[in-house]
Amino acid sequence: MAKLTITHLSGHKNILASIGSVENVIKGVVPDELKNRRFFASKVKYGFELGSPQDIYTMGECVILNDLIYANRTDDTRTDRDPLMWGHEFVTSGILLIPRDTRPNYAVEYVSLEGGPALRDIYAKIYAKIKKPFAIAGCAELSDLRATAITAPPINRENIFSHKERYYAEREKNEKDQSIAFVGVAAHLGEPGHREIAGKLHRVLYRNPFNKQPDTLTDHTHAVILDRPIITIPGIKPHNVKDMVHLMDDSVVRYVRMEVYVIEDIVEYVEEI
C-alpha cells in the first residue's frame, strides 16, 4: 500500500531570501533598481518565481536549480521559437531564493503504482506535521499535470489576472504521465503563530485565481517538465528540460521525493561576492 513518509533530518534554522515581490509580478511593476541588475544562479541552492537569463522583456515563470535558471520566454518572439531559456545569470522583479547555507529539515517520499494524492494533499500532511511555513524542492512523477505559464512580460503596470487575454494567451496544460522537478513554498497565512513572518511570506505567496485552492494552506510551486524520470535534482541537465510551468496543486502525484526547508525568516537577498 502506498504511504507518505516524512523523515526528520535536522533542526537547522533556515533563513530564506527574496528579491522584489510577487506583488511586483502580479501588478506588472519592475522597480528601477532591478531593471538592469543581474544576479548569479550559482550563488543560491534553489529559487523560483519570475526571471530571465536575458532581460526584463523576456521574464517568465522560472526555477533555479543546479546553478542554472530555467525560464519561459515571454517577449514577442515567444511563439516563433522554443520559449524555454536557461543560463547562469538572471534578472527578476520578484523571486524567492533558498540560500546555499540552508539545510533540509525533512525528507518526504511517496510512491504508488497508480495515481495517488494531489500535490496539495501532500503539502497539507507536511504542514500538519511541522506546523510552520516551509519551502520544498524535489522531483516527482505526476499521473496528471495541470499547469499554466504567463505569455507576456509583466512589466507594463497591468494586473496580469485582469488582462488574461495578454498574459495567459495560451491554453492551460493538462497532461498525463509527466516527470518534473519543482521548487515551491507553502504556509497557513492565517495561523496566529506566523504573524511575525506573514508579511514576508506575502513576497511569494498569494491566492492564485487559477489554482482552486481551499482556504487553508496557501502554496506556490513552479516546475520544469523533464524528458524522462529523474529521481533527484542533481541528475538534471539542460537537455533534460522540456518546459517551464507554474504547477497547480491539484496535479496528481504518483511518485515524489523532496526536501523540506522550514522557514524561520525571509530576508532581502544580498549576493555574496
Side-chain angles (χ1 to χ4, degrees), residues 2-10 14 16 41-42 44-49 51 61-72 84 86 96-100 102-127 130 134-149 173-186 219-262:
K3 182 180 179 182
L4 180 74
T5 60
I6 304 174
T7 305
H8 184 260
L9 299 178
S10 79
N14 288 310
L16 275 54
S42 61
V44 299
K45 186 182 291 185
Y46 302 114
F48 82 105
E49 203 167 306
E61 321 281 356
C62 76
V63 296
I64 295 172
L65 48 85
N66 296 340
D67 297 342
L68 294 171
I69 183 169
Y70 293 90
N72 261 331
L84 180 69
W86 58 273
L96 185 81
L97 303 168
I98 301 178
R100 286 202 170 273
T102 57
R103 296 207 303 267
N105 302 109
Y106 295 87
V108 175
E109 190 164 356
Y110 174 87
V111 62
S112 173
L113 296 177
E114 300 179 356
L119 186 63
R120 70 161 66 110
D121 297 329
I122 292 177
Y123 287 170
K125 289 183 179 179
I126 296 171
Y127 184 82
I130 67 178
F134 59 87
I136 55 272
C139 291
E141 296 296 310
L142 303 178
S143 56
D144 292 278
L145 173 144
R146 189 170 75 87
T148 60
K173 289 182 180 293
N174 288 274
E175 299 178 2
K176 300 285 188 182
D177 303 324
Q178 297 294 310
S179 302
I180 66 166
F182 62 97
V183 183
V185 169
D219 61 71
H220 185 184
T221 308
H222 285 191
V224 287
I225 299 177
L226 306 174
D227 65 346
R228 62 184 176 84
I230 297 177
I231 295 175
T232 58
I233 286 175
I236 297 168
K237 305 297 181 186
H239 67 264
N240 298 126
V241 178
K242 301 190 302 179
D243 205 352
M244 171 72 239
V245 297
H246 178 120
L247 185 66
M248 299 304 172
D249 66 5
D250 54 354
S251 297
V252 179
V253 176
R254 179 182 295 121
Y255 163 85
V256 68
R257 178 184 288 182
M258 73 174 88
E259 299 172 341
V260 176
Y261 298 81
V262 176

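Computed from a prediction, not measured in an experiment: that's the story for all the values here.
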Separation of [Y] [atom2] from [X] [atom1] (nearest 0.5 Å):
| X | Y | atom1 | atom2 | result |
| --- | --- | --- | --- | --- |
| D177 | D144 | CG | CG | 8.0 Å |
| N105 | L9 | CG | CG | 7.5 Å |
| I180 | L247 | CD1 | CG | 5.0 Å |
| D243 | E175 | CG | CD | 7.5 Å |
| N66 | Y46 | CG | OH | 7.0 Å |
| W86 | H239 | CH2 | NE2 | 10.5 Å |

Using the side-chain contact (heavy atoms from CB on, under 4.5 Å) rule, take K45 and Y261 through it: C-alpha gap first, then chi angles, then the decisive distance, then the call. CA-CA 12 Å; K45 186 182 291 185; Y261 298 81; 3.4 Å; yes
Let's go through L142 and V252 carefully: what are the C-alpha distance in whole Å and the side-chain angles of both, what is the deciding distance for side-chain contact (heavy atoms from CB on, under 4.5 Å) to 0.1 Å, and is it a yes or a no? CA-CA 6 Å; L142 303 178; V252 179; over 6 Å; no
Minimal non-hydrogen separation, [X] against [Y], with atom names:
| X | Y | value |
| --- | --- | --- |
| D67 | S42 | OD1-CA, 3.6 Å |
| S10 | P104 | OG-O, 3.0 Å |
| R257 | I231 | NH1-CG2, 3.4 Å |
| E61 | T148 | OE2-O, 4.5 Å |
| P238 | L68 | CG-CD1, 3.6 Å |
| G138 | I233 | N-CD1, 3.6 Å |

Are any non-hydrogen side-chain atoms of [X] and [Y] less than 4.5 angstrom apart?
| X | Y | value |
| --- | --- | --- |
| L145 | I225 | yes |
| T221 | F48 | no |
| Y110 | V108 | no |
| F182 | M258 | yes |

Residues forming a ring-ring contact (aromatic ring centres under 6.0 Å, His included) with Y106, sequence neighbours excluded: H8
Give a yes or no on whether K125 atom NZ has more than 12 heavy-atom contacts from other residues, nucleotides or ligands under 6.0 Å away.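 For K125, atom NZ is not crowded (no more than 12 foreign heavy atoms under 6.0 Å).
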Between M244 and V63, does a side-chain contact (heavy atoms from CB on, under 4.5 Å) hold up when you go through it step by step? CA-CA 8 Å; M244 171 72 239; V63 296; 3.7 Å; yes
When you look at C139 and I236, which way does the side-chain contact (heavy atoms from CB on, under 4.5 Å) test go after all the steps? CA-CA 10 Å; C139 291; I236 297 168; 4.1 Å; yes
Have a look at R120 and tell me which of D249, D250, D219 forms a side chain to side chain donor-acceptor pair (under 3.5 Å) with it.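 Checked D249, D250, D219 against R120; only one passes side chain to side chain donor-acceptor pair (under 3.5 Å): D249.
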Just one of T102, V44, V183 clears the side-chain contact (heavy atoms from CB on, under 4.5 Å) bar with L97, so which one?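 That would be V44.
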